[in-house]
Engineer: 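Structure incoming, see below.
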Amino acid sequence: MAWSVLKRLAEIAAVLFVVSVGTFALVDLTPGDPAITVLGEGHTAEEYAALRDEMGLNDPFLVRYGSWLGSALHGDLGTSLIPPNSDVTERIAAALPVSAEVAVLGLAMALVVSIPLAMWSAYHADGRVDRIVGAGTFGILSVPSFLAGLLIIMVFSNQLGWFPRAEWVRLGESLGDNLHHAFLPALTIALAETAMFTRILRGDLITTLQEDFILAARAKGMSPVRVLFSDALRPSSFSLITLLGISLGRLIGSTVIVEYLFALPGMGTLIIGSADKGDFPMVQGAVLVVALIYVLANALIDLSYGYLDPRIRRAHV
Amino acid sequence: MSQRHHTSGHHTSGHHTSGHRAPDAGRAPLLVVDDLRTEIHTPRGDMKAVDGVSLTLDAGETLGIVGESGSGKSVLGRTIMGLYTTGSTMTVSGRVLVDGADVHALTAAARRELWGTGVGMVFQDPMTALNPVKKIGLHLTESLRGHGGLSRAAARARAEELLRLVGIPEPARRLDQYPHELSGGMRQRVVIAMALANSPKLLIADEPTTALDVTVQKQILDLLGRLQDELGMAIILVSHNLQVVAGRADRVAVMYAGRIVELAAADALFAAPRHPYTEALLASVPRLHHPPHSRLEAIGGAPPDMVAPPPGCRFAPRCRYAREDCRQASPVLGPEPGPGGGPENGPGNGREAARVSGSEPGGEGARVFACHHPVRPVTAGGS
């Protein structure tokens, strides 16, 4: 057990190492020059050379990577190249909770809706509800998220006026206001995720419902709801859980469209805006943090397999 | 000829369950199945998995149902229980009365109540009949708490008692184990304990030993016999294996292509089969006293396609006694039919079977079979 945990941690470290090298190499691989970003237009060649020297850009790659990684491990991701030259770690610490909250809220909404929906569909497979759900989820999946977001804003914000469209209220300021503002972005995210979760879970549930142990549970006189929740859901949730982990990582780092539509100061906006301005330390730091979350989320998912199926616990974790 | 002789010899030694039967002339049978039909709708057409089966079963009695794979015996068991009901994928007609209650007319909730308390089922494969992600204890306690209304602690105590009853060592420890931590035989004991949780009056055992190795098979069958002695329940023992049924069933129904082709007291049936299919089944059982490497009698051909069964007797294409009339008209299930066959198989067929089977005074030994040209009894079989 201890050995397998160590192995797991080593794997995580290896992935993060590769990601960090890749992120850091952005400076060398992408067009643009941090020194130009800082100086802007109208500078002399001497000024440029001096700044490059000062920023350490002339040092060999490994030296630069080593000093960046050393600081990063101490929580210091550098400072922004753009005035007011804020601290990268602080900026990420401000943006991450916004993205994480909207993503988690959206995924929770998706799970709450998709699990019963998938159960009904699977239990009455090929029935009327199942057909409607099948067509509906397919339709939702084929709508691009910016369009869905715009429609949601139009209906709930512009016409009904139930929810604000922009302006973010921090969780610390007021929980009610915060949730009020987070609802529509979360709903926009939840829409596509619900459709995906429902389809995946429905398929797995239909397979599970063919199992003898489902028949055995029914033969004991268990109610359909009880059979679905107590016997069918857990063995059917592997694909769903896997998808959930991938979605969580993806949503935190790259919900740019949703963040843009609702003017959320989240990670997606931070990364895209910084990349656009050539603010390399900011992009590097943010990408590293997103990668870390991705890797941790998936490690957590892997651990959950052992919870879902006791037969995996002994074999390998 | 010789096989017949052997079977009769075999049987006299193994008979021990007839004593369970306590015929009570004044009372209605525990189970009445009347002209039961189960059609499974497939893309190719409607498959007549059970095609007009009638039988009765008294409290405490054991009925064996034997037949090849695909004869409809498992579907029959599940339809009797009401696990298979009319829905989008199948149509069920006919009646099943358990203790007077029409299983297929009950509401879904009432049927669940019946499953919880009146009828239990033991499944074929203990590897798949238990949920791999649930502890043994939960398998047992959930129905105890749901139907028995027991508290958590009481259900756990009862679950432990049930595991002890089915002969599982260290029952308290087993409650917290998962199915994969138990052997196949142990798992089947758990499946039996699950079926017994709320003391059913009728236990349907669907190939309860098929997935187990031979030594464990005997243990499980002995366990079922012992439980029947202790708890006084009726058992329907479904098996493709005649030896499983021999010596354990009071009566035996032989199924072929969705119908009962012969039904008789077990000793009479084994001693002198009247239906050619029964005879062929008995002949295909290997015997210990056969010389080594002797050829096993097999039944040639395969069971008919139940989407479009052949006209006339369904066994005729594989029957060595078949004549022209067998392919024309379906023989009727009854006691000693007259020459030339009876009317087309219809609902009346089933009624007759119900009338002549065990529920009637003195009817226990009565044998019914469906054949135009039955095997002639050589010895004075039956009663």
Side-chain angles (χ1 to χ4, degrees), chain A residues 119-134 201 204-241 303-317, chain B residues 74 77-78 81-85 87-89 108-135 138-148 176-181 187 190-191 193-198 200 203-204 206 211:
Chain A
M119 282 180 168
W120 186 285
S121 283
Y123 199 76
H124 304 281
D126 292 324
R128 195 186 309 174
V129 174
D130 184 36
R131 278 160 213 246
I132 294 170
V133 167
L201 184 59
D204 287 352
L205 274 171
I206 285 177
T207 311
T208 305
L209 288 174
Q210 313 281 331
E211 296 279 353
D212 279 357
F213 62 76
I214 297 293
L215 204 63
R218 289 182 54 215
K220 278 193 299 190
M222 300 289 104
S223 70
V225 173
R226 169 98 203 181
V227 169
L228 280 166
F229 276 99
S230 169
D231 286 282
L233 183 59
R234 241 168 86 177
S236 310
S237 53
F238 285 84
S239 311
L240 181 71
I241 293 286
L303 283 177
S304 76
Y305 293 149
Y307 163 75
L308 288 175
D309 191 338
R311 288 169 300 182
I312 295 176
R313 269 173 231 171
R314 287 211 177 150
H316 56 84
V317 172
Chain B
S74 285
R78 288 167 190 195
M81 192 157 175
L83 272 175
Y84 287 175
T85 54
S88 58
T89 54
R111 201 180 302 122
R112 286 201 297 275
E113 194 55 36
L114 175 75
W115 290 338
T117 56
V119 191
M121 188 160 213
V122 176
F123 291 85
Q124 173 170 350
D125 189 350
M127 303 295 163
T128 58
L130 295 173
N131 192 331
V133 306
K134 281 165 67 170
K135 288 180 180 171
L138 185 58
H139 279 94
L140 294 163
T141 52
E142 63 180 357
S143 73
L144 289 170
R145 298 191 66 195
H147 292 286
D176 290 317
Q177 287 186 317
Y178 287 96
H180 71 276
E181 298 174 273
R187 285 190 224 186
V190 173
V191 172
M194 260 163 70
L196 296 179
N198 289 302
L203 186 72
I204 300 175
D206 182 9

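Atoms considered below: every heavy atom in the structure, side chains included; atoms not considered: hydrogens, waters and symmetry mates. The shown structure was predicted, so the numbers you read here are calculated from the model rather than taken from an experiment. Throughout, a chain's letter reflects where its sequence line sits, starting with A, and its residues are numbered from 1.
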Engineer: Just how far is it from atom NZ of Lys220(A) to atom CG of Leu144(B), taken to the nearest 0.5 Å?
Structural biologist: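 Result: 9.0 Å between the selected atoms.
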Engineer: Any idea which of Ala216(A), Pro235(A), Ala232(A), Gly127(A) has the most non-hydrogen atom pairs under 4.5 angstrom with chain B?
Structural biologist: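 Looking at each of Ala216(A), Pro235(A), Ala232(A), Gly127(A) in turn, Ala216(A) comes out on top.
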Engineer: Can you name the closest pair of heavy atoms from Arg226(A) and Glu142(B) and give their distance?
Structural biologist: NH2-OE1, 2.9 Å
Engineer: Would you say Gln177(B) and Pro310(A) make side-chain contact, with heavy atoms under 4.5 Å?
Structural biologist: no
Engineer: Which atoms of Arg78(B) are under 4.5 Å from chain A, going by heavy atoms: the side chain, the backbone, both sets, or neither?
Structural biologist: side chain
Engineer: Please give me the minimum heavy-atom distance between Ser230(A) and Lys134(B), naming the atom from each residue.
Structural biologist: OG-NZ, 3.1 Å
Engineer: If we define contacts as heavy-atom pairs under 4.5 Å, which of Pro132(B), Ser143(B), Ala109(B) has the most with chain A?
Structural biologist: Pro132(B)
Engineer: Tell me, do Met81(B) and Leu215(A) make a side-chain contact under 4.5 Å, heavy atoms counted?
Structural biologist: no
Engineer: Which heavy-atom pair separates Phe123(B) from Ala219(A) by the least distance, and what is that distance?
Structural biologist: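 So the minimum-distance heavy-atom pair works out to CZ-CB, 4.0 Å.
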Engineer: Where does Ser223(A) contact chain B at under 4.5 Å (heavy atoms): side chain, backbone, both or neither?
Structural biologist: both
Engineer: Any side-chain heavy-atom pair from Tyr178(B) and Arg311(A) closer than 4.5 angstrom?
Structural biologist: no
Engineer: Contact part of Leu83(B) toward chain A, heavy-atom cut-off under 4.5 Å: side chain, backbone, both or neither?
Structural biologist: both
Engineer: Backbone N or O of Val133(B) within a donor-acceptor pair of the Arg234(A) side chain at under 3.5 Å?
Structural biologist: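 The answer is yes, because a donor-acceptor pair under 3.5 Å joins these two groups.
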Engineer: Quick one: does any side-chain atom of Asp212(A) pair with a main-chain N or O of Thr128(B) as donor and acceptor, under 3.5 Å?
Structural biologist: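 Not a single qualifying donor-acceptor pair exists.
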Engineer: Quick check for you: to the nearest 0.5 Å, what is the distance between Asp231(A) atom CG and Leu138(B) atom CG?
Structural biologist: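 Interatomic distance, Asp231(A) CG to Leu138(B) CG, rounded to 0.5 Å: 8.0 Å.
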Engineer: Answer with side chain, backbone, both or neither: which region of Leu308(A) has an atom nearer than 4.5 Å to a non-hydrogen atom of chain B?
Structural biologist: backbone
